[in-house]
Amino acid sequence: MIHLNEEAARCLLCENAPCSQASKHGDIARAIRAIRFDNSANAGRWLVGCTEEDYAVAEAACIHYDKPIRIAIKAAVNDQTEAPTPVDELPSLELNFCDIVCENPFFLASSAVCTNYDMVARALEAGWAGVFYKTICKQDIREVSPRFDAVRKEGTPFIGFRNMEQLSENPYEMDFDILRRLKQNYPTKIIVASIMGQSEEEWIELAKMAEAAGCDAVELNFSCPQMKLSGLGSDIGQSNELILCYTSCIKEAVKIPVIPKMTPNVASMTPPALASYYGGAHGISAINTIKSITMSHDAEVSEKKTVSGYSGKAVKPIALRMIYEMTGSALLHKAGIEKHVDISGIGGIETWRDALEFIQLGCRNVQVCTAVMQYGYRIIDDLILGLKTYMHSRGITELKKLVGEELKNIVMPSDLDRETMVFPKIDREKCIGCGRCYISCMDGGHQAIEFGEDRKPRIIGQRCVGCHLCKLVCPTGAIGAAKRMNKTK
């Protein structure tokens, strides 16, 4: 039997995929992409009418550099899922952000994925709700080459991404004209100008230009980690006084919503969030990239390395923690900030489930950059369809009902249940006898697994502490969880 997720992960996600072109029925590449982006419940939508011949010719047409992707997925998909719900019966993803109606919560983040009119227009037509345009400034921006690097693990697509990009290289007048045309030609989409000034007067000037261009809101870049001059970007985001000063003066200068963008390069997100709140911010974007260094020679600039921003899937847990510090802490609740400042979540969002996690911690929209750089604007299809399908499965008709629903389940470590435990449980039919669980438990756990000549692992109950390291390393999902029970004295 084909392991669907494993094969989907190997797929190159080709442009004009040869496998789909070769088959007479359906869109096999699109079905594989749905599985790749955690949307297997909808994969069958693109397999209607496919025959065994279609699968055979598609596999023969596969251009994978190693060995063809095994494409006989129809039976497996049908065995695992019910027939997908008709799209017109799925709920709407409409949600308000800073009192602006957004058709869905998915936005392009201010970055290389939105640097000119044609790029943004294609994204909006693909289904993105809006854009936080690449930061506009009055500086002379000169970028380095190369400017990107990736962190990989065991042959997987990169899990972390480092970039040395700064701000828009376009003349600022050109960028505001682009934003004006975007709003004029796509009036139902949300156009946000990201700006960065070098003085109070310059911040106000750029904000007023954004408002005059018809932008729906203005984002204040207090967070870029690789500016070539001091006193800019994350230097501002690390100073609560500057955050308060610039936010308040811009709030007084324009009528459109003002949204500071936070740096993660602080000990806690609570103080800068409060500074934004007391400065009158309507919303907060978080997080920007994390300061980092990678040591690859391929990413050197004239044989030199530097500190720059880290993003991608690997930063998501850090981003979620910082979102919680703004939406779930007692201090912010006391200040009432969750009632007045909407949060736009950023950091490692690749699938609809990633986005859901941000929403469940209180975000009212999310921004995506690194995943678009890796896979393209087309991921919006699975973001939208996957989230709609999830809502339908729970009987939820309004996205706002998911906003912050998990906050009640986040507690301090001291408040966790320490009187019960959950033993791991091995599914003998799924177990292939690789012994990965045994190795990890012996060398990194509590030596609670036996592994004999029959190549079948067995849990030693007297030694097991229920840490579930074995469950995490199992490559086939053969280790699950038993019922929670009281610890024996």
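We number each residue from 1, following the sequence as shown.
- Around atom OH of Tyr377, more than 12 heavy atoms belonging to other residues, nucleotides or ligands sit under 6.0 Å away.
- In this structure, Phe107 and Phe97 have tilted ring planes: the angle between them lies in the 30° to 60° band.
- Heavy atoms of other residues, nucleotides or ligands lying less than 6.0 angstrom from NZ of Lys401 number 12 at most.
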Where do Trp352 and Tyr390 land on the ring pair (Phe, Tyr, Trp, His ring centres under 6.0 Å) test, with the steps shown first? CA-CA 9 Å; Trp352 66 268; Tyr390 172 80; 5.5 Å; yes
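- Ion pair Asp382/Arg30 flagged as a salt bridge, since at least one NZ, NE, NH1 or NH2 atom sits closer than 4.0 Å to an Asp/Glu carboxylate oxygen.
- Atom NZ of Lys483 has 12 or fewer heavy atoms from other residues, nucleotides or ligands within 6.0 Å.
- A search for side-chain contact (heavy atoms from CB on, under 4.5 Å) contacts involving Ala60 returns nothing, not counting sequence neighbours.
- Salt bridge status for Glu450 with Arg458: absent, with no side-chain N to carboxylate O gap under 4.0 Å.
- The closest side-chain donor-acceptor pair between Thr389 and Asn42 falls under 3.5 angstrom.
- Atom CE of Met322 and atom CD1 of Ile343 lie 13.5 Å apart (nearest 0.5 Å).
- Aromatic ring pairs are classed by plane angle as parallel below 30°, tilted from 30° to 60° and perpendicular above 60°; the pair Phe106 and Trp128 is perpendicular.
- Ion pair Lys316/Glu350 not flagged as a salt bridge, since none of the NZ, NE, NH1 or NH2 atoms sits closer than 4.0 Å to an Asp/Glu carboxylate oxygen.
- A donor atom on one side chain and an acceptor atom on the other are not found under 3.5 Å apart for Asn486 and Thr420.
- In terms of the side-chain contact (heavy atoms from CB on, under 4.5 Å) criterion, residue partners of Met421 (sequence neighbours excluded) are, by chain and number, Phe423, Lys487.
- Under the 4.0 Å criterion applied to side-chain N and carboxylate O atoms, Lys189 and Glu125 are not assigned as salt-bridge partners.
- Salt bridge annotation for Glu6-Arg10: absent, with no cationic side-chain nitrogen under 4.0 angstrom from a carboxylate oxygen.
- Considering CG of Leu383 and NZ of Lys388, their distance stands at 12.5 Å, rounded to 0.5 Å.
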Would Glu405 and Ile359 count as a side chain to side chain contact (heavy atoms under 4.5 Å, CB included) if you check the C-alpha gap in whole Å, the side-chain angles of each, and the deciding distance to 0.1 Å? CA-CA 8 Å; Glu405 71 168 355; Ile359 293 168; over 6 Å; no
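- A donor-acceptor contact closer than 3.5 angstrom links the side chains of Ser20 and Asp27.
- Using modelled atom types and a 3.5 Å distance limit, the side chains of Ser194 and Asn221 yield no donor-acceptor pair.
- Side chain of Gln447 to main chain of Met442: a donor-acceptor pair is present (N/O by atom type, distance under 3.5 Å, no hydrogens or angles).
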